[in-house]
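So that the names make sense, note that chain A is the first sequence line, chain B the second, and so on, each numbered from 1. This structure is a prediction, so every number in the text was calculated from the model and none was measured.
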2 protein chains.
Amino acid sequence: MRSTPHAETFPAHTPAAAQVFTTVLSHGPLTRLETGRRAGLSPAAVTKAVRPLLAAGYLVEGGGPGEAAEGEEARPALGRPASLVRVNGERALFAGVKATGDELIAVLTDLCCRVRLARRAPLRDRAPGPALAAVTGLVHELLAHAAESHAPVAGLGIAVSGDVDRAEGVVRYSPFLDWRDVPLAELAATACGLPVTVDNDVRALTVAEQWFGAGAGLSDFALVTVGAGIGCGLVVHGRVVAGAHGVAGEIGHLVVDPAGPPCHCGNHGCVEAIAGDAAIVARIREVTGCHVVDSAEAVALAHQGVPGAREVYARAGEAIGRGIATVANLLGPERVIISGEGLAAYDLFAEQIRQAFTTAAFGSAARCDVQTRPLPFEEWARGAAAAAIQTFITQHPSSGKG
Amino acid sequence: MRSTPHAETFPAHTPAAAQVFTTVLSHGPLTRLETGRRAGLSPAAVTKAVRPLLAAGYLVEGGGPGEAAEGEEARPALGRPASLVRVNGERALFAGVKATGDELIAVLTDLCCRVRLARRAPLRDRAPGPALAAVTGLVHELLAHAAESHAPVAGLGIAVSGDVDRAEGVVRYSPFLDWRDVPLAELAATACGLPVTVDNDVRALTVAEQWFGAGAGLSDFALVTVGAGIGCGLVVHGRVVAGAHGVAGEIGHLVVDPAGPPCHCGNHGCVEAIAGDAAIVARIREVTGCHVVDSAEAVALAHQGVPGAREVYARAGEAIGRGIATVANLLGPERVIISGEGLAAYDLFAEQIRQAFTTAAFGSAARCDVQTRPLPFEEWARGAAAAAIQTFITQHPSSGKG
DNA sequence: TTCTTTTATTGACAGTGGAAAATAAGGGCC
DNA sequence: GGCCCTTATTTTCCACTGTCAATAAAAGAA
C-alpha cells in the first residue's frame, strides 16, 4: 500500500466503525441489532458507527434484492420492524489486476466486489517497465468504462505470484515474472493515479474468500487452488497468514511421495509435481501415448475413458487430498475451500480427494468441512480488487485488522 | 478455566496493564520507555499501568541479577538513568501437573515460571476419579512446600494430551488416559481449592515457550516435541493455534513416506511411525537383532556403533526434518524450536533433521531459524504451570490475548 | 552551580463504546 | 380509534483509556 493522489476517503473513524462495515459487507443486509451481535458491539455503538457511513453513502437502508424473498427468518411480526442496512455497492469502484507470466487479467468491481467488467491482455514483455505500461493501459480501459457510471474508482489492487510485501507494496521476488524488489505499488500509483495495493495472488484470493466468499465469518479456514500450480491461502485467528519471510501456504511443494516424479523445486513427489497442470499433461502423454498439449485436452481424454488417463487424475486427486489433510492436521481449520482452474476436472478428482483427505486426516481434523467452488477466469483479478477494497476500508484508521 | 475459591487477584484492570505486564514478564527487566515501545504504548500509559502492579508487589523496581553485568547496551551515561522494572517472581506461586497414561509430574513454579520443586508419582489407575485423587495428593505436597514461603499459590495448571477445551476446562478426549468429556478443571478446582487451567500438553508447553522461552516476543513460531510421540505447537499472529475442532499441530501423523511402516493411526509412514520412540526401538530391535526395550538402550546401541542402529536414527531424523519443513512451508514461522525427551539422541539425528529440512523447505521458508533446546523431565509440567500463569494474568480483564 | 540530556510523571483532554432510558413502529385487542 | 405489548433504534449520559504536552527528576558535563 502507498499513499496517493486524489484519494476518496472512507469515514470509518473508529475501529468499531470498520468492524461494523466489514460485518455488513460480508454478511449482507443486517439489522443494526444483529450487526452488533456479530461484531461484538452494543446496539448503541452500531447506530453511531452506521450514521456517518449512511451519510457518506457507503451504507444504505432497506434490504437489497431478495430481502423478503427468502422466508428463512420468519419475520417476528411482533415489535418494531427491523430496518436492514446493507453496503451500497455503487458507491465506489475498484480495479483489480492479476499478472501472470504471459497475461494480464483485469476486472472492475463495485464495493461489494461484484465484477462489472473483465478484460484480458497478453503480456508480451514481462520486464517491470513494459509490464507496468501494460497494466496502466488496461487500468485506463477500466477507468474509461467506470467514468460512465457516477462512482469513483477508489483503488487498484495488483496480484502477483511469489514473495510480495503488501505493507511496503514491493514485489520481493516473483519467479514467473522474474522480478526482484520492484516497488510496484509506488510505480503503479504514479502511473494510474490511484491508491494501489499489491499482494501475493493466493493471499489476495484468500482475502476475497474471507470477505465475500465461503470464508465469510470464519476465523480459521484454508483456500486451496488447483491449477497450473497448487496454492494455499490460510486464515488463522481471523487474519491471512503471511509468513515471517513472506512465504506461507506452500502446499504445492509438500512431498507426498518421495518415490514420485521429480519437481522443479528439486525434490521428488511434490503435490505440484503430481497434480499441477503440467505434471498431469505430461503424465497423460506418457501413459496414453496421445499428444496432448494442455489440460483441456487431458481432461477430454480422461472423460473419453482412454485407458490410464483417469488413473493419472486419480493420483492427482490423492495428492491434493493428502495436501489438504496436512493442512487440516496442522491447523484444524473450520473449512477448506478448493478452487482453481483445475476444477474443470473436478469430477475426475473429487472422489480421490475426499478419500485421501479422510484417510490422512487425523482424529477430529477430519470434521473439517471440505467445499469446492468454481473459479471463473477473472477470479484472481477479483482477488486483487478485494485486496484493494480491504485497503480502502482499513487504511485510514491506523488499525490493521483483517 | 473455572472460577474459584479464595482467589488471589491480579490488578491488571486494563488491557494495557496486561500488555505491559506480559512484556516485562517475557523480556526481563526493562525500562518503562522500552516497555512502552515494545508494547506499542506511550510512556505515560506504561507509568500508569505499572503503578498498581508495583503497589501490589507483582512488579519491582531495580534490575534483577545480571542487571549491569551484560554490557550489551552500553549505558548512555547521559541523561536521567533509567530505572528497570521487572516481575517479582516471589509474589505468587503456581502448580503445574502433567498427566501421562502412567505417571504424574508436578512442579511448583514462581510467577516467572522458574521451577521451585518437582515431583513425580506413578499413576496406577487412570480412571478420572483415582487420577484426580492422585493429582490432588501431589498438589497438596506442593502446597505444603509452598506454605514455607510467604507466597500464595495462585493457580494450578493441568496438562493432558489429546483434545482439551481450555476455555471450558474439559478434557474432551484423551486416548492415553482413556477419558471422555471429563470436566477436569471444575473437579480439580473443588478438590484442590485453587483456580485450575486445563490445557492440551503441547499447547501448554507452547505457551511456556512463548512467554518464557525461545519463542518470547515472536508472533509466529512452532514448537516441535520429539519423544514418545511427535507433537507440534503453533503460534500464529501471536496466539497459540487451537484448531476449530480442538486439534492442531498434528505433525506426528503427517505421512512422510507412503511406503513406510504402518502407524496406529491407520496410515503408513507417519512421522511418528518412523521417529516416535516406540517405532525407533522396534526398528532397532528388528535391524540389529538386539533385545532393546527402551530408547535409552536404543540410543546406547547407536552410540556404540552397532551396525544399522545409526541408520534407524538417520531415517527418524529425516522424517522429523521433513515434518518441520512442512510446517515451515505452510506457515512460514520465524523460528522452529525442537525439543523433547528424544533430544537425548539429538546428536544421532541432528544432521539429518537439518538436511531434510533444508531440502524440503521451499524458497525463503528455509530462512526459518531452527533451534533445539533440551527438555528437562519436568518441562511438560512447567508448561502446565505456564498455562496457569497465563490464566492468572489474563483472566480478570475480559480479554483473551495470548 | 548550572546546563544538557534522557527518563519518568502529571494533569488535562479527546474519544470510545457501554448502560439505561427514551422513543419509534408495528400488530393485536377491546 | 385508542391502548397495550413487543422489539428495534436512538439518545443521553458517563466511565474510562490512553495520548499529549508540560514538568519533574536524575545524573554527568561544563
Side-chain angles (χ1 to χ4, degrees), chain A residues 11-24 27 29-55 59-63 67-68 73-86 394 396-401, chain B residues 11-24 27 29-55 59-63 67-68 73-86 394 396-401:
Chain A
H13 307 295
T14 93
Q19 183 77 352
V20 163
F21 188 79
T22 60
T23 302
V24 174
H27 301 284
L30 287 177
T31 70
R32 289 169 172 78
L33 214 56
E34 179 61 15
T35 305
R37 212 183 48 70
R38 300 208 194 196
L41 293 166
S42 68
V46 176
T47 292
K48 282 187 265 197
V50 158
R51 199 186 337 265
L53 291 167
L54 277 174
L59 292 179
V60 290
E61 233 155 341
E67 164 182 17
E73 303 216 359
R75 67 198 71 36
L78 202 55
R80 171 177 173 171
S83 89
L84 295 171
V85 173
R86 70 186 165 82
T394 55
H396 313 286
S398 57
S399 122
K401 212 283 191 171
Chain B
H13 307 295
T14 93
Q19 184 77 352
V20 163
F21 188 80
T22 60
T23 303
V24 174
H27 301 284
L30 287 176
T31 70
R32 289 171 172 76
L33 216 56
E34 178 63 15
T35 305
R37 211 183 49 69
R38 299 208 194 195
L41 292 167
S42 68
V46 176
T47 292
K48 281 185 245 190
V50 158
R51 197 185 340 266
L53 292 168
L54 278 175
L59 292 178
V60 290
E61 233 156 340
E67 163 183 19
E73 301 216 357
R75 67 195 72 42
L78 202 54
R80 170 176 175 171
S83 90
L84 295 172
V85 174
R86 70 185 164 83
T394 55
H396 313 287
S398 57
S399 122
K401 212 282 192 172

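Taking CD from A:Q19 and OG1 from A:T35, the interatomic distance works out to 11.0 Å, rounded to the nearest 0.5 Å.
A:R37 is linked by a salt bridge (charged side-chain N to carboxylate O under 4.0 Å, His left out) to A:E34, counting only residues two or more places apart in sequence or in another chain. Partners of B:L54 by side chain to side chain contact (heavy atoms under 4.5 Å, CB included), not counting sequence neighbours, listed by chain and number: B:R32, B:V50, B:L59, B:E61. Shown here are the side chain to side chain contact (heavy atoms under 4.5 Å, CB included) partners of B:A82, two or more places apart in sequence or in another chain: B:T31. Partners of B:A45 by side chain to side chain contact (heavy atoms under 4.5 Å, CB included), not counting sequence neighbours, listed by chain and number: B:L41, B:S42. Considering only residues two or more places apart in sequence or on other chains, B:R51 meets the salt bridge (charged side-chain N to carboxylate O under 4.0 Å, His left out) condition with none of them.
One atom, CG of B:L33, and another, P of D:dC20, lie 14 Å apart when rounded to the nearest Å. Spacing between atom CG of B:L84 and atom P of D:dA26 amounts to 16 Å, rounded to whole angstrom units. Per the geometry, CZ belonging to B:R51 stands 14 Å off P belonging to D:dT17, to the nearest Å. In this structure, A:E34 places its CD atom 15 Å from P of D:dT7, rounding to the nearest Å.
In the helix from C:dT1-D:dA30 to C:dC30-D:dG1, the terminal helix axes, each the rotation mapping four pairs' C1' atoms onto the next four within five end pairs, subtend 30°, rounded to 10°.
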Give each protein N/O atom lying under 3.5 Å from an N/O atom of nucleotides 12-15 of chain D, with the pair distance.
none

Write out a two-atom table: protein N or O, nucleotide N or O from nucleotides 25-30 of chain C, distance below 3.5 Å.
none

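Closest contact between the side chain of B:A45 and the listed nucleotides C:dT10, C:dT16, D:dG18 involves D:dG18. The side chain of A:T47 lies closest to D:dT10, out of D:dG18, C:dG17, D:dT10.
Side-chain N or O atoms of A:R86 include one that pairs as donor or acceptor with a backbone N or O of A:G62 at under 3.5 Å.
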